[in-house]
Amino acid sequence: MDIALAVIGGTGVYRLAALEDVQARHFDTPYGAPSGPLRLGRLGGARVAFLARHGEGHALPPHRVNYRANLHALQQAGARRVLALNTVGGITAAYGPRVLACPDQLIDYTWGRESSFWDGQGEALHVDFGQPYSPAFRGQVLAAAQAAGVAVLDGGCYGATQGPRLETNAEIARMRRDGCDLVGMTGMPEAGLARELGLDYACLAIVANWAAGCGDAGEITLAEVLENVAAASAGLPALVAGLARG
Ligand code: HPA
């Protein structure tokens, strides 16, 4: 079975409402169970798989997500291209709340997560990761966004933090000095694992709030995050349908 596109939904995106003829399928993997069922259906005439990264009831915090099982399940289902939706905080001026961005770089600040499929048997796997997001697939995402009339910033550096707590002002100030534009808790090890599996992988970051100490950030609340994600996600069905077709 071939899947034209797999989508991993982040905080605030637990379903792809436009998906038609949906079947829920449960996959088992050598790495354990994925976050929930894969929802397989049609979008824009193409076969699309959707998986809610945190589970459909948002039961899994970022450091407890089984990233290996999720990607393995998507690959088993026949996916070759994975669009990761990641809810993030914005650090630099252009990346304010409700902005959509397709970053081209990342820095990994996470720790203690299962970050490789290589388990010590066989030949060590040192995949090239200079361009952590598949350049050609990023181009397809940006073209689909343009065709759908959805504004998406091209580029930026995603800093992946451990969570689940939000960052201190000093941590974000350091990330800004490091060159990060965006901060989120789920970008890694997902991107690295996708590369190990040879999947095309790109991130569509949904800015939910200013990161700590940035913009006019006050206390960051879940209500603010969900409201901004909902507003920024309005164009997603058209973008994803175009991407699936293309
Ligand atoms: N920091 C980390 N992860 C996030 C944030 C944030 O400010 N907002 C949404 N996900």
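This chain uses plain numbering: 1 for the first residue, then up along the sequence. In each ligand, atom 1 is the first atom listed, and ligand 1 is the first ligand listed.
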For residues V82 and M188: do they belong to one hydrophobic cluster (side chain heavy atoms under 4.5 Å, members Ile, Leu, Val, Met, Phe, Trp, Tyr)?
yes

Ionic contact status for E167 with R174, cut-off 4.0 Å:
no

Distance-only donor-acceptor pairs under 3.5 Å for side chains of residues 146-158, two or more places apart:
residue : atom : partner : partner atom : Å
D154    : OD1  : R138    : NH2          : 2.6
Y158    : OH   : T186    : N            : 3.3
Y158    : OH   : G187    : N            : 2.9

Report all N/O contacts between ligand 1 and the protein shorter than 3.5 Å as a table of atom names and distances to 0.1 Å; if there are none, say 'none'.
residue  : atom   : partner : partner atom : Å
ligand 1 : 1 (N)  : E167    : OE1          : 2.7
ligand 1 : 1 (N)  : E167    : OE2          : 3.4
ligand 1 : 7 (O)  : N209    : ND2          : 3.0
ligand 1 : 8 (N)  : G89     : N            : 3.4
ligand 1 : 8 (N)  : N209    : OD1          : 2.7
ligand 1 : 10 (N) : T87     : O            : 3.3

Does one hydrophobic cluster hold both L239 and Y14, with members joined at side-chain heavy-atom distances below 4.5 Å?
no

Which side-chain N or O atoms in residues 201-218 pair as donor and acceptor under 3.5 Å with protein atoms at least two apart or in another chain?
residue : atom : partner : partner atom : Å
Y201    : OH   : E190    : OE2          : 2.6

Could you list who else is in Y109's hydrophobic cluster, with ILVMFWY side chains joined at under 4.5 Å, directly or through other members?
I91, I107, I172, M175, V183

